[in-house]
Amino acid sequence: YQKYVTQKEIVETDVVKGQFAAYNYEQKIELLDKEKQIQEAKLRKEFLLKKLLIAGILVLILLTAIAISTFIYILFRYRLLQRIKLLEMRNQISQDLHDEIGSTLTSINILSKVSQNNLEKDRSKASELLQKISEQSADMQQGMSDIVWSIRPDNDKMENLVIRMREYLGQTAEARNMQVNFSADEKVLNENLSMQHRQHIFLIFKEAVNNAVKYSQGKTISVFLARENSHIRLSIKDDGMGFNAARITSSSGLKNMQARAKELQGTLHIRSDAENGTEVELICTAT
């Protein structure tokens, strides 16, 4: 019996050991599964991070390519606009030279031939024609000087334009014994003007002053220049005999002034009557 009990205990002990071993095996299996899951999760996370990193690099490359393309486009467009402006400037200078020199040279040529023919026949007539040639030559020289002045980049300040206007009034109006009243608002002096703006404004001013000096028979000419909000206002007024402004639509001088005002995106008003003389008023953008 004792032997039987001993064998039974041994068998039970073996069974317990077997159960324990089986439990340990299951535990190992579970640990291996968990470790496998952890590794898989870690691999998935690493794979996701790699995908995100690759996607980020691709996005960065795409944004860089877009930025470079945009920069190249902006640079190309800027250079294109600069070339267009340069071409427009050349065309404008060419047109101005043609207007200032072409017609004057033609007139001088005709006057020279006529004065030559009258040199022996009518010396007083020849002298008068020679005086006209001298005046037209001086006008052409002045026109050339104006064109050169307008294209120089160091004259982009409104202050320089004011100085040029004042000098011109001294050469024309004051030389004809006309009293000059010139006023420029301090707000406008530091304005920057493009070549086209200062050229158009000055040539409108010059045409208006010339007309006042030559035709108004007035004693006083008043010039006012100011900045009003986003616009520049220029007024040239004389106290002369005036004229019917509605009947001068065929005047080339007036057409040129109107065309220049349009180029400035502005308006030109001409007011004239016998009692109050003539006023030429330009209102344009301050650009």
Do [X] and [Y] come close enough that some side-chain heavy atom pair is under 4.5 Å?
X      : Y      : answer
Arg166 : Val180 : yes
Met158 : Ile232 : yes
Arg260 : Leu203 : yes
Glu46  : Leu43  : yes
Leu75  : Arg79  : yes
Leu264 : Leu282 : yes
Gln179 : Lys219 : no
Leu234 : Met165 : yes

Joint hydrophobic cluster, [X] plus [Y], side-chain heavy atoms closer than 4.5 Å:
X      : Y      : result
Phe182 : Val209 : yes
Leu53  : Ile61  : yes
Ile283 : Leu193 : no
Ile201 : Ile270 : yes
Val162 : Val280 : yes

If I compare all heavy atoms of [X] with all of [Y], which pair ends up nearest, and what's the gap?
X      : Y      : result
Thr278 : Ser272 : OG1-OG, 2.9 Å
Ala184 : Leu189 : CB-CD2, 4.3 Å
Arg198 : Leu161 : O-CD1, 4.1 Å
Glu279 : Ser235 : OE2-OG, 2.7 Å
Ala173 : Val213 : CA-CG2, 3.8 Å
Asp238 : Ala212 : OD2-CB, 3.6 Å

Distance from [X] atom [atom1] to [Y] atom [atom2], nearest 0.5 Å?
X      : Y      : atom1 : atom2 : result
Thr70  : Leu63  : OG1   : CG    : 10.0 Å
His200 : Glu263 : NE2   : CD    : 5.0 Å
Arg176 : Lys214 : CZ    : NZ    : 7.5 Å
Gln199 : Ile204 : CD    : CD1   : 11.0 Å
Ile221 : Met178 : CD1   : CE    : 5.0 Å
Gln258 : Asn256 : CD    : CG    : 10.5 Å

Apply the test side-chain contact (heavy atoms from CB on, under 4.5 Å) to residues Glu207 and Asn211: give CA-CA distance (whole Å), side-chain angles for both, the deciding distance (0.1 Å), then the verdict.
CA-CA 6 Å; Glu207 180 71 24; Asn211 290 338; 3.6 Å; yes
With a 6.0 Å cut-off (strictly less than), is the heavy-atom count around CD of Gln265, excluding the residue itself, greater than 12?
no
I'd like to know whether CD of Glu186 has more than 12 heavy-atom contacts from other residues, nucleotides or ligands below 6.0 angstrom.
no
Between Leu268 and Glu281, does the side-chain contact (heavy atoms from CB on, under 4.5 Å) criterion hold? Intermediate values first, please.
CA-CA 6 Å; Leu268 186 76; Glu281 182 186 53; over 6 Å; no
